[in-house]
Amino acid sequence: MSTGTEKGGVVKASAVKGDASAADPAPARRNNRRELSLVVLLALLGGILAWAAAGRPWAAATVGQAPNTLKVSASGNDLSAGVTALGLTALAGGLALFATQRLARRLVGVLLIAAGIGAAVYAFGERGTSHASHVLADKAATKGYAAGQVAAHTASWWILAAFGGVLVVLAGAATVVRGATWPGMSSRYDNAATGAAAARVVDPGSSKDLWDALDRGEDPTGGPAADPAGGPAGAAAPVSTTPRAEH
């Protein structure tokens with residue numbers, strides 16, 4: 001008998017605990033906020049990689065005849081300014097995820113997807129030597145070295161830029177799918193204000209309220225009101241047992 005009672009108590013305690021965890025939204029809020037932070041970091045990392053890689057030399061060449069030679073190089077910005085612009089767009093979009101909610105946040109996610117795809121496509125398109133040769137020849141010409149055909153040597157920085165674009169795309173896709181469940185920047189302050197207001201409403205024991213209740217002749221502890229004549233609160237008037245003299 002005692003075993004069955006104990007099992008029943010354990011089952012009831014487990015059920016109560018499960019109901020309490022299901023009703024408590026704090027773990028879900030923490031998970032959503034963690035997702036938001038990770039996606040923002042992913043978007044910022046992708047934007048920084050694309051932007052930083054675009055500033056590195058993607059192609060180089062030596063022009064002229066010995067001993068008058070000139071080494072020229074072209075960065076990703078020289079070959080295509082789109083990688084840098086889209087990398088900065090990804091940075092702005094990642095930061096905007098904190099300040100937006102619901103539909104606006106999903107639109108930012110779409111913007112991140114477009115920026116990431118654009119950065120990756122621009123980087124992949126500039127991996128060859130054809131356009132780089134023309135850019136290097138133009139740079140050499142500005143310094144007085146006429147070079148009709150330049151043999152360009154390319155570097156692998158475009159791969160890093162393309163990888164950054166892929167990270168931005170992933171951040172944008174996660175935003176479109178899960179962004180509606182993430183909290184906004186003002187949620188923490190709204191919850192704090194609501195909690196403070198609720199605390200003010202349910203607090204019956206402030207010193208001002210106690211003094212006001214005493215001034216009105218009320219019992220601030222919740223008991224029956226005190227008798228203004230000085231008798232005990234709520235007590236019935238005593239019945240006199242002394243016979244009155246008849247006139």
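At a threshold of 4.5 Å between side-chain heavy atoms, the hydrophobic network of Ile, Leu, Val, Met, Phe, Trp and Tyr places W51 and L95 in one connected group. Hydrophobic clustering (ILVMFWY, side-chain heavy atoms < 4.5 Å, transitive): V177 and L38 are in distinct clusters. A continuous path of ILVMFWY side-chain contacts below 4.5 Å connects V110 to V169, so both sit in one hydrophobic cluster.
Note: W158 CH2 to L79 CG = 13.0 Å, rounded to the nearest 0.5 Å. Atom CG of L136 and atom CH2 of W58 lie 13.5 Å apart (nearest 0.5 Å). A distance of 10.5 Å separates OG1 in T181 from CZ in R102, rounded to the nearest 0.5 Å. Expressed to the nearest 0.5 Å, how far CG of D138 lies from OG of S133 amounts to 11.0 Å. Taking CG of L91 as the reference point, atom CG of L86 lies at 11.0 Å (rounded to 0.5 Å).
Across all non-hydrogen atoms, the minimal contact from R105 to G179 is NH1-O, 3.1 Å. Contact between D78 and S73 at its shortest, heavy atoms only, is OD2-O, 4.2 Å. Closest approach of V135 to A74, counting heavy atoms only: CG1-CB, 4.0 Å. When all heavy atoms of A132 and A59 are compared, the pair lying nearest together is CB-CB, 3.6 Å. Closest of all the heavy-atom pairs between G165 and A119 is CA-CB, 4.3 Å. Here the closest heavy-atom approach between residue A171 and residue V39 is recorded as O-CG1, 3.5 Å.
For the side chain to side chain contact (heavy atoms under 4.5 Å, CB included) with L167, the qualifying choice from I48, L45, L112 is L45, the only one to do so. For the side chain to side chain contact (heavy atoms under 4.5 Å, CB included) with I113, the lone residue among V176, V108, T175, L170 that qualifies is V176.
Contacts of R178 classified as salt bridge (Lys or Arg N to Asp or Glu O under 4.0 Å), with partners at least two apart in sequence or in another chain: E35.
Judged purely by distance below 3.5 Å, without hydrogens or angles, the side chains of R29 and N32 never pair a donor atom with an acceptor atom.
No donor-acceptor distance shorter than 3.5 angstrom exists from the side chain of W157 to the backbone of G55, with no hydrogens or angles considered. Although no hydrogens or angles enter the test, the distance criterion places a donor-acceptor pair under 3.5 Å between the side chain of R127 and the main chain of F124.
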Check your understanding: So L44 and V40, side-chain contact (heavy atoms from CB on, under 4.5 Å) or not? Walk me through it.
Key -> CA-CA 6 Å; L44 295 181; V40 170; 3.9 Å; yes
